[in-house]
Amino acid sequence: MKCGLLLSLLLLFPARAFCADSPSPLYGDEIVRDFLWSEFQELPADKRPKVGLVLSGGAARGFAHVGFLEVLTNAGFPIDGIAGTSMGAVIGALFSAGFPMDQLWELGRRATFSYATKDFNKIGVLSLILHEKLMSSDAMEDFITQRIGDITFEDLQIPFSCVAMDIKTGESIVFREGPLAIAVRSSMNLPGIFKPVQYRHRYLVDGGVADNLPVDAAKALGMEWILSSHTPAGLDDASLHNILTYLLQVMEIRGELLAQQSIKDSDMVVTHKVQHIKFTEFEKSFHAGELGLEETYRRLPYIKENLLLRSFGALTDKYVLP
Amino acid sequence: MSCLKPKAALLCAVLILGACPSRAGWLFFGSNKDPLEHAVASYDRGEYSAAARELQELVNKSLPYDHKEEAYWYMSQAYIKAGKPDRALPTLQLAVELYPKSIRLQLALAELYYDSALYSQAKTLYDALNELQSPGDEYLLQLNAGTARTYAALGYLERAAGYYRKALDTKPQFDAMLSIEYISCLLKQRKYIDAATAVETALAQAPENIELLYLSAKISYEAGRKEKAVTTLKYALEKAPERHDIRLSRALWLCSLGRYQQAAQEAEKVYNAEPNQAQAQWALALALSRIPGSERRAMELFRAAANSITSPFTAQAAERMLERLSKRQDSLKH
């Protein structure tokens, strides 16, 4: 009877049930990826591809680049160069100068680009029609110098370039040297609203109408692996009710068409879900930054994998017999 | 006169029923009887489906206001424990709309959002709860821990670390899981000194906790103390020899240190237990690649790993290694 009971118990309950061992947790690609990522971070800079970041224009939406940069910094990405247009130039310049991340977030929290909202608020349809004079974007230059000083491109911690357009010739002008503040101001100088910046023999306006995602500028800096941060406009739900909004819509459309061209030349792109934030909704800057962080974090494993596969030769040299 | 009393009573009852149906229910059921008693007893006995059904019937009737809030809470928890989060979710969403000031319900919904990987929705709720002046001491731990986890899941590592610290400060006893999550957060930010301090403190409380040992090893490895890392994992594997993930990490780290024979031995153990696992194939192949005479076997293993459907990155990495080894073989022939 007792033997029968014991036998039936053994049949009912597999032997493993009596083991104290717990099953190994599930694991997958992350073991190999994390290992190779550690190996990658030990690679000397001359053995790996030069990593370039490209930050698009987008005004208030462009604040997503702050979240993008935070995720990459946390993950230990080497950043060998940055190229930016418009708001991408502002964020890129501050980051390249070593402006602290928490202070970058604070800019968005306070929507400190209120100079822009203040000026836009002053613009009425009547002002645009009646006034011949456009406004000056001097405030942007002051904004930059107040935060990082009156420095040059050569003073930056990370090589940086930004793009503007010469309104008289239509040429894309890439800044890589000289005074930083005027270059950034030129890159974020909306045509038709602000006066062109006269610098040397050029009449400069926002780079977003010439090169909204300046991948070529990053390559010209010597970057070999390009990660782009794209802040697309929500063209469908634009509210078009005066000359200003039509003007902005035209610039958004142009910027988006240019960005789509540049995306093809990037190794990886993070497209932030910021289409619902309008060009001038600077009070939503902080929210744009959060969306940028979330999307970049979600894509981070794939970004790492792409870079690792690109660097595979150098990464695994030591694992192949001579 | 005496015939007026029943009529007066009936009139009172009708008036109460009309003015306040829920209170009328309480009045008729008796002030001492908890209408949820039976359902809660079912819940406490683990009869979750029955409890949920009963509570659903009760909320459809005229329950007093406070009891209904509690009923929704128990109903949602019963659904969750019965393995029906898809029913718990609309229950809690409705409950939060009906009782917008109920912190308990909001916390329950936020947790369910988190468990359902709806991290953005969880964040919205936690952010709103954190804006409250005084959510109540009894909810602080739950709120801080839930906020920390949600922020960590979305990538807000700095903010998550802050909330983990608050949660750990709130909790009087040592909580290994919370500590592990906090230390993982620090590690992801590459704050090795803070992470090492935190893991040392945690290990002092739970010296044989395998996850803590694994974390400690990872911190050492990433901070450049590779020898210490492999030694820590050796100790962890003595306690938990079935942990294939830890053994594979050790194998790979031994490769990095150039100790290929030892690496192959470790990886072989996992491979023997899980011969179709792409990471086991890859790690063993990597070690064998540097052992003279073992390249052919390494190539076979890389070929197998390259066919993995469930591990696309490992498959690509295997294909690349296979190409490299093949090229080397070809160059040796010529």
Side-chain angles (χ1 to χ4, degrees), chain A residues 16 19-39 41-42 67-68 70-77 101-102 105 273 287 289-302 304-306 308-313 315-322, chain B residues 119-120 123 153-158 188-191 210-211 218 221-222 224 226 240-249 252-253 255-256 258 260 270 273-274 277-279 282-283 286-287 289-292 295 298 305 308 310-318 320-321 323-325 327-328:
Chain A
R16 281 190 66 161
C19 290
D21 295 346
S22 53
S24 190
L26 292 174
Y27 57 92
D29 275 341
E30 72 279 1
I31 284 193
V32 173
R33 184 176 58 237
D34 290 351
F35 168 70
L36 287 175
W37 189 249
S38 298
E39 297 285 281
Q41 292 189 295
E42 289 175 13
F68 170 78
E70 172 160 324
V71 172
L72 297 183
T73 306
N74 278 337
F77 263 78
M101 190 59 71
D102 56 342
W105 281 106
K273 295 182 169 67
H287 178 54
E290 291 192 319
L291 293 172
L293 184 148
E294 289 176 24
E295 185 61 20
T296 310
Y297 191 73
R298 198 181 66 77
R299 299 290 311 282
L300 187 62
Y302 310 110
K304 281 183 175 176
E305 287 172 5
N306 189 291
L308 287 172
L309 289 171
R310 179 65 184 272
S311 318
F312 206 79
L315 265 183
T316 52
D317 272 343
K318 73 184 206 188
Y319 297 113
V320 180
L321 282 167
Chain B
Y119 303 125
S120 293
K123 176 180 177 285
L154 285 166
Y156 299 93
L157 301 177
E158 186 64 38
K188 282 179 191 166
Q189 292 179 275
R190 297 177 311 121
K191 291 186 174 175
I210 301 302
E211 290 306 327
K218 282 182 184 175
Y221 187 81
E222 288 191 27
K226 294 187 180 183
E242 75 290 354
R243 284 292 297 265
H244 296 159
D245 54 337
I246 295 179
R247 198 173 294 282
L248 279 181
S249 289
L252 290 168
W253 296 354
C255 282
S256 185
Y260 300 109
V270 182
E274 295 184 271
Q277 229 286 348
Q279 285 75 38
W282 200 89
L286 191 73
S289 301
R290 278 304 305 259
I291 298 173
E295 279 173 286
S308 172
T310 53
S311 297
F313 176 66
T314 306
Q316 285 185 282
R320 295 287 181 98
M321 281 304 298
E323 274 170 27
R324 293 208 69 176
L325 293 182
K327 274 188 189 154
R328 184 177 177 277

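Lettering of chains follows the sequences in order, A, B, ..., and the numbering in each one begins at 1. Just the heavy atoms: all of them, side chains too, but no hydrogens, waters or symmetry mates, feed the values below.
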S.K.: Would you mind checking which part of B:S120 comes under 4.5 Å of any heavy atom in chain A, side chain (CB onward), backbone (N, CA, C, O), both or neither?
M.R.: side chain
S.K.: Side chain, backbone, both or neither: which part of A:S38 has a non-hydrogen atom closer than 4.5 Å to chain B?
M.R.: side chain
S.K.: Counting only heavy atoms closer than 4.5 Å, note whether B:A153 contacts chain A via side chain, backbone, both or neither.
M.R.: backbone
S.K.: Chain B: which of A:Q41, A:R298, A:M101, A:E42 shares the most heavy-atom pairs with it under 4.5 Å?
M.R.: A:E42
S.K.: Which one of B:M321, B:Q316, B:R247 has the most heavy-atom pairs closer than 4.5 Å to chain A?
M.R.: B:M321
S.K.: Side chains of B:E295 and B:S289: is there a donor and an acceptor less than 3.5 Å apart?
M.R.: no
S.K.: Between B:R290 and chain A, with a heavy-atom cut-off of 4.5 Å, which part of the residue counts as in contact: side chain, backbone, both or neither?
M.R.: both
S.K.: Whether the A:Y297 and A:E70 side chains hold a donor-acceptor pair (N or O, under 3.5 Å, no angle test) is what I'd like checked.
M.R.: no
S.K.: What I'd like to find out is whether the side chain of A:L309 reaches to under 4.5 Å of the side chain of B:F313, using heavy atoms alone.
M.R.: yes
S.K.: More than 12 foreign heavy atoms under 6.0 Å from NZ of B:K327: is that the case here?
M.R.: no
S.K.: At a heavy-atom separation under 4.5 Å, does B:L154 approach chain A through its side chain, its backbone, both, or neither?
M.R.: both
S.K.: Between B:K123 and chain A, with a heavy-atom cut-off of 4.5 Å, which part of the residue counts as in contact: side chain, backbone, both or neither?
M.R.: side chain
S.K.: Within the structure provided, determine whether B:K188 and A:N74 are in side-chain contact (heavy-atom separation under 4.5 Å).
M.R.: no
S.K.: What part of A:L300 is in contact with chain B, defined as an atom under 4.5 angstrom from a non-hydrogen atom: side chain, backbone, both or neither?
M.R.: neither
S.K.: What about A:W37 and A:F77, are their ring centers closer than 6.0 Å?
M.R.: yes
S.K.: Please classify the contact between A:F35 and chain B as side chain, backbone, both or neither, with a heavy-atom cut-off of under 4.5 Å.
M.R.: side chain
S.K.: For A:E294, which atoms come within 4.5 Å of any heavy atom of chain B: side chain, backbone, both, or neither?
M.R.: both
S.K.: Is a salt bridge present between B:E323 and B:R320, judged by a nitrogen-to-oxygen distance below 4.0 Å?
M.R.: no
S.K.: Using non-hydrogen atoms and a 4.5 Å limit, figure out which bit of B:Y119 sits close to chain A: side chain, backbone, both or neither.
M.R.: neither
S.K.: Measure distances from A:T296 to the heavy atoms of chain B and classify the residue's part below 4.5 Å as side chain, backbone, both or neither.
M.R.: neither
S.K.: Tell me, side chain or backbone of A:N306 under 4.5 Å from chain B's heavy atoms, or both, or neither?
M.R.: neither
S.K.: Specify which of B:C255, B:A278, B:A315 makes the most heavy-atom pairs with chain A at under 4.5 Å.
M.R.: B:C255
S.K.: I'd like to verify something: which residue of B:Q277, B:Q189, B:K191 has the highest number of heavy-atom pairs under 4.5 Å with chain A?
M.R.: B:Q277
S.K.: With chain A as the partner, which of B:A240, B:A273, B:P292, B:S256 has the greatest number of non-hydrogen pairs under 4.5 Å?
M.R.: B:S256
S.K.: What residue, out of B:E222, B:K218, B:K226, has the most heavy-atom pairs lying under 4.5 Å from chain A?
M.R.: B:K226
S.K.: Can you tell which part of A:E290 gets under 4.5 Å to a heavy atom of chain B, answering side chain, backbone, both or neither?
M.R.: both
S.K.: Sequence neighbours excluded, which residues qualify as side-chain contact (heavy atoms from CB on, under 4.5 Å) partners of A:D34?
M.R.: A:E30
S.K.: Between A:L36, A:D102, A:V71, which has the largest tally of heavy atom pairs under 4.5 Å with chain B?
M.R.: A:L36
S.K.: Side chain, backbone, both or neither: which part of A:L315 has an atom under 4.5 Å from a heavy atom of chain B?
M.R.: neither
